[in-house]
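Below is one structure, written out as structure tokens; the observations come after it.
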Amino acid sequence: MDRVVLVRRGGDAVELRECDDDGAEDRVTVVPAAVLADVVREREGAAVRWVWDDTTRWYPALLEAGVRVERCWDLRLSHAVLRRSPFVDQGLLTGEDTAGWDRLQPVTAADPALFPLDDPADLLDPVAEHGRQLAALAAAAERGRLGLLLAAENSGALVAAEMTFAGLPWRADVHERLLTELLGPRPPGGSRPATLERLLTEIRGAFAAPDLNPDSPGSLLRALQASGLPVGDTRSWTLEQLEHPGIPALLEYKKLSRLLQANGWNWLDSWVREGRFRSYFLPGGVVTGRWASNGGGALSVPAQVRPAAVADDGWRFVVADVAQLEPRVLAGMSRDEAMAEAARSTDLYAGMVAAGAVATRADAKAGMLGAMYGATRGESGRMMPGLTRRYPRAIGLVEEAARAGERGEVVHTLLGRGSPVPRGRAEQPDEPGEPPDAGESAEDRDRHRRAWGRFTRNFVVQGTGAEWALCWLADLRNRLWRLGAGTVEERPHLVFFLHDEVVVHTPEHLAGEVVAAVHRAAAEAGRLLFGAFPVDFPLDVAVVGSWADAG
DNA sequence: CGTACAGGTCTA
DNA sequence: TATCTAGACCTGTACG
């Protein structure tokens, strides 16, 4: 397949350097930046992979011009994967501007306007970096897996930009009605809404604290203790355990205050424009390979405000999520036949009960969460011996990951994403990590070592789960494109992705085909990661008018 | 007066 | 007897 490396030449020209999959260069052309979108649109007719320093620096402008690309190679994201992967000979990846690629950050909501001469990306040579990456991949152990990871990561970069471009349909009028019903009318100048004022008066009376500000944890804690309540913190969960006439009003205040602060009128003003909530998704933003987000708290949109996410007239949302993704991924990556058998049922935890591994569904859930998060005590910890007997390969895999982390070793996901090197173990001379703290006791060191073991234990499962989800997303993106005609936002398109859940915005008459596509993409993701090994990934899928109506 | 951190709450 | 993974982001408060 042809590859075209895009290189900025000053503010108003772009160099196109053609090469093949080995990086051997063919010809070079220079075009004015103003016609780049037309050039890309024309070349998209044939198979081509666009190679660029960073998708967030190139793709938004193409999408604005109505151009969608099929494939890219994001040097920033690929660099980050290759730099950490234990499959890679790091010597092949090292060049004089490696530190610059290490530091390169995506363009996000916080700094949308980088001027050409201020952008650190302009100091980097994409052609040289591309060559190093191809050489590193070609020589890698497990080249096939690592190649799949890079393909999925690069496809995710395109999805992320397309989701920000399209935006999640959001009805400000529905959201405002919800706020007014719960909080009262929008008060002027950011003062407290009527409902909060009323609750505040009640709380101050109940705790005999006329100046109490419940938004100040310190003064709230002192007021509670002065009323004789035996509390050490002011979390809602703690307060729910208490018997006191002021508690219900306080809990209600905290809940509504949180709504106001996180998703109130200010949020609407900041993040909703022209009927769309536009946040920035950051592929690879979490070390495990999960996405992070930036702007509007897209990864924690409360269920409370989801009624305001409403599909356009004549359109629907297809909302799909995977049931128990991570235990299923663990069954597949450890090739644990017994756990895969439990995963054959729609409810994996019920499957574990049916197999006699645990007594109840609650035990199954607590035990699996404990196995993946590293609980050794309490409810979850008690399940571990039984699970280990019944599922030795699955439990053995996470246990080994934990032991490796405790020894300070790097662990990796199925496709080869590597865990960070623990502090104090970094080998780069310019990044010595934290020097050993002379004041740290043996107990502290032991606690840190076990905490790092819990992190690496979770890393292999959460990270491989993220790889499954990326493959699902990438395959779904291609299927959705083939279902319609026109630009991205005229066809069925992804508008939201959160670890194991997707939301597709689709013309109503295509909803049935989108549902089928979501299922087929999930089956394909399982095949890509686990081949013929029989582990199922059943989906909960809903066709709805509002996001709140799913699930 | 701006930055850093603590505490809290939402997400999977 | 037992709160254990990964994030974003708000306010209040301490600090330089």
Side-chain angles (χ1 to χ4, degrees), chain A residues 108-110 190 192 196 212-222 231-240 250-251 253-264 266-267 270-271 279-282 284-306 321-327 329-330 365-384 398 401-402 405 411 413 417 419-420 447 450-466 468-469 496-502 540 547 551:
Chain A
T108 63
R192 275 198 185 85
L196 286 179
L212 175 62
N213 175 12
D215 295 318
S216 165
S219 71
L220 178 57
L221 185 61
R222 282 189 294 277
V231 286
D233 62 68
T234 62
R235 295 187 194 101
S236 290
W237 190 88
T238 305
L239 303 184
E240 278 167 20
L250 180 54
L251 288 171
Y253 180 97
K254 285 170 86 77
K255 192 173 162 210
L256 292 177
S257 173
R258 161 78 189 179
L259 171 66
L260 173 67
Q261 288 167 358
N263 297 98
N266 289 344
W267 182 89
S270 303
W271 300 111
S279 57
Y280 291 74
F281 293 88
L282 306 176
V286 179
V287 285
T288 57
R290 277 187 170 184
W291 289 17
S293 79
N294 174 267
L299 267 46
S300 51
V301 178
Q304 207 177 12
V305 299
R306 292 186 187 189
D321 70 276
V322 200
Q324 306 131 359
L325 173 61
E326 287 173 1
V329 161
L330 175 57
K365 186 173 181 177
M368 285 310 297
L369 289 177
M372 294 183 297
Y373 291 161
T376 54
R377 302 172 300 198
E379 190 89 10
S380 311
R382 269 207 311 285
M383 300 296 150
M384 294 307 297
V398 288
V411 297
T413 59
R417 194 186 300 266
S419 64
R447 201 156 36 78
R450 283 200 305 273
W452 194 257
R454 284 195 299 277
F455 166 68
T456 53
R457 171 197 293 268
N458 187 250
F459 181 95
V460 295
V461 182
Q462 187 185 114
T464 307
W468 183 93
F496 196 79
F497 168 60
L498 180 52
H499 310 324
D500 62 1
E501 176 181 8
V502 296
D540 290 323
W547 191 13

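Note on naming: letters A, B, ... go to the chains in the order of the sequence lines (proteins, then strands), and numbering restarts at 1 for each one.
When the P atom is used for both dA2(C) and dC10(B), the distance is 24 Å, rounded to whole Å. Rounded to whole Å, the C1' atom of dT3(C) lies 16 Å from the corresponding atom of dG7(B).
Distance, Phe281(A) CZ to dA12(B) C1': 14 Å, rounded to whole Å. Going from atom CG of Asp215(A) over to atom P of dT9(B) covers 11 Å, rounded to whole Å. Between the CG atom of Leu260(A) and the P atom of dT9(B) there is a distance of 15 Å, given to the nearest Å.
Scanning DNA chain C 5' to 3' for nucleotides with an atom closer than 4.0 angstrom to a non-hydrogen atom of chain A gives a first and last hit of dA2(C) to dT13(C).
Among the protein residues, Arg306(A) comes within range of the sugar-phosphate backbone only, with heavy atoms under 4.0 Å from sugar or phosphate atoms but none that close to a base. At the heavy-atom level, Ser216(A) lies under 4.0 Å from the strands shown only through sugar-phosphate atoms. No engagement by Phe459(A) is indicated, since no non-hydrogen atom pair under 4.0 Å with the nucleic acid exists. Within 4.0 Å of Val461(A), counting heavy atoms only, lies no atom of the nucleic acid at all. Among the atoms of the strands shown, only primed sugar atoms or phosphate atoms (P, OP1, OP2) are found under 4.0 Å from some heavy atom of Gly297(A). At a threshold of 4.0 angstrom between heavy atoms, the contacts of Gly296(A) are confined to the sugar-phosphate backbone, with no base atom among them. Using a 4.0 Å heavy-atom cutoff across all strands shown, Asn213(A) reaches sugar-phosphate atoms only and no base atom. At the heavy-atom level, Ser257(A) lies nowhere under 4.0 Å from the strands shown. Among the heavy atoms of the strands lying under 4.0 Å from Ala303(A) are primed sugar atoms or P, OP1, OP2 only; no base atom is included.
Partners of Trp468(A) by ring-ring contact (aromatic ring centres under 6.0 Å, His included), not counting sequence neighbours, listed by chain and number: Trp472(A), Phe537(A). Taking Ala292(A) as the reference, Leu282(A), Val286(A) meet the side chain to side chain contact (heavy atoms under 4.5 Å, CB included) condition, with sequence neighbours excluded. Not counting sequence neighbours, Arg222(A) has no partner by the side-chain hydrogen bond (donor to acceptor under 3.5 Å, both in side chains) test. Scanning for salt bridge (Lys or Arg N to Asp or Glu O under 4.0 Å) contacts around Arg192(A) gives Asp215(A), with sequence neighbours left out.
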Anything under 3.5 Å between a protein N or O and an N or O of nucleotides 5-8 of chain B, put it in a table, one pair a line.
| residue | atom | partner | partner atom | Å |
| --- | --- | --- | --- | --- |
| dG8(B) | OP1 | Thr234(A) | N | 2.7 |
| dG8(B) | OP1 | Thr234(A) | OG1 | 2.6 |

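Using a distance-only test at 3.5 Å, with no hydrogens or angles considered, a donor-acceptor pair links the side chain of Arg457(A) to the main chain of Ala371(A). Within the 3.5 Å criterion, the main-chain N or O of Ala366(A) finds a donor-acceptor partner in the side chain of Ser380(A). Not one N or O on the side chain of Ser219(A) forms a donor-acceptor pair closer than 3.5 Å with the backbone of Leu212(A).
Between the CG atom of Leu221(A) and the CG atom of Asp233(A) there is a distance of 7.5 Å, given to the nearest 0.5 Å. The CG atom of Asp321(A) lies 5.0 Å from the CG atom of Asp540(A); values are rounded to the nearest 0.5 Å.
One finds no salt bridge joining Glu240(A) and Lys254(A) here, because no Lys/Arg side-chain nitrogen approaches an Asp/Glu carboxylate oxygen to under 4.0 Å.
Nucleotides of DNA chain C nearest to Asn266(A) and Trp237(A) differ in position, and the one nearer the 5' end is that of Trp237(A).
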